[in-house]
Amino acid sequence: MGIGATAGVAAVGGIALSANASDSKSSSSSSDALVFDPDAYTKLTKTITDTEGTEHTVVYHFWKAITYVADPVDATYQSLIVSSPVEIDGKAVDASNAPILLANSIGGYLPASVATATEVGGGGSAMGGGAAPSGAPSASTSTSASASASAPGANGNTNATGGATSSNQLLALAAGYVVIEPGARGRTLKNSSGEYYGTAPAAIVDLKAAVRYIKSNKGRIPGNVERIVSAGTSAGGALSSLLGASGDSPIYDKYLKELGAADASDAIFATGAWCPITDLEHADGAYEWNWGANDLSTGKQVDQTVSKALRGQFAEYQAGLKLRGLGGFGPLNARNLDAYMVEQYLEPSATTYLAALSDSARETYLKANTFITWADGKATFTWADFLTHVGARKKDTPAFDAFDLSAGENNEFGTGTTLARHFTTYGAKNDSTGLSSKRVASDIPAKLDLMNPMFHLVEKVNQNRSKHWWIRLGTKDSDTSLTVAANLAARLDNLGDDVNHLYYWDEGHGANTDPGDFIKWIAQVTGHKAKRGK
Ligand code: DHB
């Protein structure tokens, strides 16, 4: 396979590492800088194994990092890569009107970069889109996904950290879709003046700027810009759902203007979110409602006074949401949410899992897990037994707004030269770091709105949100409460949106065990029919 056109990617020019570019560029250059060059690709070939275990040879056009704003703060992160299939298994494909999978690789609210990516699946955050190991490699050294480019196994199971997004991207390409992978600034980025320039709302502003870039290049960029489907895992899932919920919301305008974002819509068609770590200002209460009775992996019990106080706050919040459960469950509140979680999500999840096992494997599983009653092809159990089954909770209390400001989310709400701040009244009141005011800073409420999909679905219902939602979460994921995704799904359902929400039985954080179904779902909701030549 030859190299296609090799015109340089003009917009990426010199990558500014942490320069503040807002002073140097005039806005008149913005429109030129943001024109996608259809000829500036390299032709690549990739072998992709689908979820049935069949290998496909995909020839695709690859556009390396393109800066998606005219006045980048840091082009290392504010760039995207594009992959568009031209031939699959020897047959020509026309992806000019195919859905666009907009797959972010953000994890931990950390920076994600595609600046040095050389192929599809080339995005990477400092933590690879999954659980946050301390001492994770820095973003600049983790941009290549060649190592994770192996396709999912025959069972489609890809629950490894970072596997979710990577397999979505590869499977999408093999299905004939265009794959666009945006980088975005993240919470740890600091300039030479010691200022944090990637904290809230930087990541969502960047993703929106990427969408505006894509939409403003309609007809030049491959794919149907009216059929953008976002995908992300964990913090990336949170940002994906926020992107879906907040389409064209004016509250981001001033931030987008500062970056010289393209003048176009940032609304997207559909949203995929795996284990979204979202609704952060209510997540501490939700966490205690869910995992409050569980001990830490050290065997230590968390502070019960704090846990109970937070649980009380959650009950109030949950009542205020006035949600109705899916499946005709009726009004949800903190007293019936356990029954709802069991009936709507957990038992069906266990049932699917057990039904797929061989008789002997099922027998073995049930012998080891006697809390499950298996009758008439259905699993039943209590919420209390389920909690015992999951075991150790991952986080201490409060899980997100730590009294000592040690949580990643405290950093996400940092600003200026301040590394970390409280973002809940309760966290600030109980601050252990010497915060004299014991209050959240005055800019925090607006930042929380900018970061929370629920704001766009509850407080200010956004008509330009995406109307198709794919939400997934492992039942053993205690990175946040299992109710966060369930509440998001219930609210979307109550608004009339199309919601496909399942829990993966016994899977942990970052699981994506049905990526093939996600790819089929994209075709279904977008009405896409593959156009193949002979
Ligand atoms: C992620 C995990 C967390 O536990 C969290 O609080 C935020 C983000 C992640 O994997 O992206």
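Atoms within each ligand, like the ligands themselves, are counted from 1 in listed order. The figures that follow rest on heavy atoms only: side chains count, while hydrogens, waters and symmetry mates do not. Here the structure is a predicted model, which is why all the values come from computation and not from measurement.
- Every atom of ligand 1 is numbered from 1 in the order shown, and the set under 4.0 Å from a heavy atom of E409 is 5 (C), 6 (O), 7 (C).
- Close approach of ligand 1 to F400 is summarised as follows: ligand atoms under 4.0 Å from at least one heavy atom of the residue are 6 (O).
- Between F386 and F381, the angle of the ring planes stays under 30°, which puts this pair in the parallel group of the 30/60° scheme.
- Taking a cut-off of under 4.0 Å to the non-hydrogen atoms of G107, the atoms of ligand 1 that pass are 11 (O).
- Side chains of S105 and E181: a donor-acceptor N/O pair is absent below 3.5 angstrom, by distance only.
- Using cut-offs of 30° and 60° on the angle between ring planes, the pair Y345 and Y503 is tilted.
- Taking 4.0 Å as the cut-off between side-chain N and carboxylate O, D443 and R421 count as a salt-bridged pair.
- For a threshold of 3.5 Å applied to N or O pairs, the pair formed by Y109 and ligand 1 contains no separation below that value.
- Within the 4.0 Å heavy-atom shell around ligand 1 one finds G108.
- Near K395, meaning under 4.0 Å from any of its heavy atoms, are these atoms of ligand 1: 3 (C), 4 (O), 5 (C), 6 (O).
- Under the side chain to side chain contact (heavy atoms under 4.5 Å, CB included) rule, I106 has a single partner from D206, L207, T233, which is L207.
- In summary, the side chains of S466 and T271 do present a donor paired with an acceptor at a separation below 3.5 Å, with no hydrogens or angles considered.
- Evaluated by nearest non-hydrogen atom to atom 3 (C) of ligand 1, the leading choice among I106, D479, L110 is D479.
- The shortest separation from a heavy atom of H509 to ligand 1 is under 4.0 Å, placing the residue in contact.
- Residue A235 has at least one nitrogen or oxygen atom sitting less than 3.5 Å from a nitrogen or oxygen atom of ligand 1, judged on distance alone.
- The backbone N or O of A420 sits nowhere less than 3.5 Å from a side-chain atom of N411 that would complete a donor-acceptor pair.
- With a heavy-atom cut-off of 4.0 Å, K394 does not touch ligand 1 at all.
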